[in-house]
Amino acid sequence: MGILEGKTAIVTGAGRGIGKSIALSLAAQGAAIVVNSAREESCGAVADEINRAGGKAVAAAGDVGDAAVVERVVKAADQFGGASILVNNAGITRDGLAMRMKEEDWDEVLRVNLKSAFLLSKAASRPMMKATWGRIINITSIVGVLGNPGQANYCAAKAGMIGLTKSLAKELAPRNILVNAIAPGFITTDMTQKLTDDQKNGILSLIPLKAFGTAENIAGPVLFLCSPAADYITGSVIEVAGGMGM
Ligand SMILES: NC(=O)c1ccc[n+]([C@@H]2O[C@H](COP(=O)([O-])OP(=O)(O)OC[C@H]3O[C@@H](n4cnc5c(N)ncnc54)[C@H](O)[C@@H]3O)[C@@H](O)[C@H]2O)c1
């Protein structure tokens, strides 16, 4: 029997990459999963994979920057008894130097990466409050702590997520809802495949462990934060970045 038997997790942006790995790892420990991503096919495929392996999952596609979609995604968890774990993982980049950044690229990154986490936390914390048990895990980024040229919108959103994490951790602690963030460094996924070899080599030179991370390197700490071993951790930002940012 898995350590998350009887729990229900919503994982956003779980059609591929880090979110998919998180969804599979929570499902392997017995959690029922609401698999969200922007695209129907990708989250449907991940839900099928979990169900075929003997787990429980349902797909709930849609843009989590949209409040109506968020209501639907959170409602999808009701068939498994209501949300008890929320992983705010959906994220996008629209990079460019701030001097040249279009206002719409600023707004879109803040909407998808930060506003979604607020909307989802607000909606999903209702069933958690009722159960007096909940875990919210926000996938921020090491660049939300350090800053990064060309990513003012993304870094602002990720830094905002850290403020959101700490505020919610304080608000929800009396209801035994723990809120933490994980700040990945450079993880090999479709998102980072866009970078040039020069950019990748530049980043590698800043990583003490001299390797890029994998999606599984992030799924492990998420599972830890959902486990009883982390029952006394709230409001923390765990850097999973191979030492980048020390
Ligand atoms: N890859 C890295 O190096 C890295 C580093 C730090 C933080 N992160 C963060 O980790 C998270 C996952 O990154 P990844 O590398 O797996 O990215 P990815 O681009 O491979 O996957 C992103 C997922 O989010 C979904 N998504 C995008 N916009 C959405 C929306 N509006 N509504 C719902 N779903 C949406 C996509 O459909 C996809 O399934 C992101 O928040 C990202 O900012 C990634």
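Whatever order the structure lists ligands and atoms in, that order sets their numbers, starting from 1. Because the structure is a prediction, the values reported are computed rather than measured. Just so it is clear, the values below take in all heavy atoms, side chains as well, and ignore hydrogens, waters and symmetry mates.
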Once rounded to the nearest 0.5 Å, what's the spacing between atom CD1 of I142 and atom CZ of F186?
14.0 Å
Would you call E49 and R52 a salt bridge, using N to O less than 4.0 angstrom?
no
At a non-hydrogen distance cut-off of under 4.0 Å, which region of N36 contacts ligand 1 (side chain, backbone, both, or neither)?
side chain
Distance-only N or O hit between ligand 1 and K158, under 3.5 Å
yes
At what distance is the nearest protein heavy atom to atom 27 (C) of ligand 1, and which residue and atom is it?
I92 CG2, 3.7 Å
With a cutoff of 4.0 Å, is T188 in contact with ligand 1, counting heavy atoms of the residue only?
no
Taking everything shown except R175 itself, do over 12 heavy atoms lie less than 6.0 Å from its CZ?
no
Are D105 and Y154 packed together at the side-chain level, in the sense that at least one heavy-atom pair is separated by less than 4.5 angstrom?
no
With heavy atoms and a 4.0 Å threshold, my read on which part of T189 contacts ligand 1 is side chain
Tell me, which protein residue and heavy-atom name are nearest atom 16 (O) of ligand 1, and how many Å apart are they?
I18 N, 2.9 Å
Which atoms of ligand 1 are found less than 4.0 Å from any heavy atom of F186?
3 (O)
What is the distance from atom NZ of K56 to atom CD of Q79, rounded to the nearest 0.5 Å?
10.5 Å
Do L223 and L26 have side chains that approach each other closer than 4.5 Å (heavy atoms only, starting at C-beta)?
yes
For S37, counting its heavy atoms only, list the atoms of ligand 1 lying under 4.0 Å from any of them.
33 (C), 34 (N), 37 (O), 39 (O)
Could you check atom 21 (O) of ligand 1 against the protein and tell me its nearest heavy-atom contact, residue, atom and distance included?
R16 NE, 3.4 Å
Report the part of I187 (side chain from C-beta onward, or backbone N, CA, C, O) that has a heavy atom under 4.0 Å from ligand 1; answer both or neither where that applies.
both
Which distance, rounded to the nearest 0.5 Å, do you find between the CZ of R94 and the CG of L110?
12.5 Å
Strictly under 4.0 Å, does any heavy atom of T12 approach an atom of ligand 1?
no
Write out the residue and atom name of the closest protein heavy atom to atom 17 (O) of ligand 1, then the distance separating them to 0.1 Å.
M191 CB, 3.6 Å
Tell me which part of D63 gets within contact of ligand 1: side chain, backbone, both or neither, using heavy atoms under 4.0 Å.
both
Considering only heavy atoms of G15, which atoms of ligand 1 have at least one such atom less than 4.0 Å away?
39 (O)
At what distance is the nearest protein heavy atom to atom 12 (C) of ligand 1, and which residue and atom is it?
N89 OD1, 3.2 Å
Which option wins on minimum heavy-atom distance to atom 35 (C) of ligand 1: A38, A215, A14?
A38
Once you round to the nearest 0.5 Å, how far does CG of D107 lie from NZ of K115?
10.0 Å
Which of the listed options, C43, G13, A157, holds the heavy atom that is closest to atom 25 (C) of ligand 1?
G13
Identify, by atom number and element, the atoms of ligand 1 in contact range of G62, meaning under 4.0 Å from any of its heavy atoms.
32 (N), 33 (C)
If every non-hydrogen atom of L24 is compared with every non-hydrogen atom of V46, which pair is closest and at what distance?
CD2-CG1, 4.5 Å
For ligand 1, which atoms, with element, lie under 4.0 Å from some heavy atom of T140?
6 (C), 7 (C)
Decide yes or no for L86 and S121: does some side-chain heavy atom of the first lie under 4.5 Å from some side-chain heavy atom of the second?
yes
Atom pair CD/NZ of E216 and K20 - distance to nearest 0.5 Å:
10.0 Å
Determine, considering heavy atoms only, which of S141, G185, G17, G91 sits nearest to atom 22 (C) of ligand 1.
G91
Mind checking the CG-NZ spacing from L172 to K170? Nearest 0.5 Å is all I need.
13.0 Å
Under a 4.0 Å N-O cut-off, is there an ion pair linking E104 with K102?
no
For atom 42 (C) of ligand 1, which protein heavy atom lies nearest, and how many Å away is it?
Y154 OH, 3.4 Å
Polar atom proximity, T192 to ligand 1 (N or O, under 3.5 Å)
no
Per-atom filter on ligand 1: closer than 4.0 angstrom to a heavy atom of I139 are 9 (C), 10 (O)
N or O pair under 3.5 Å between V64 and ligand 1
yes
Let me know which of N88, N113, N89 forms a side-chain hydrogen bond (donor to acceptor under 3.5 Å, both in side chains) with N138.
N88
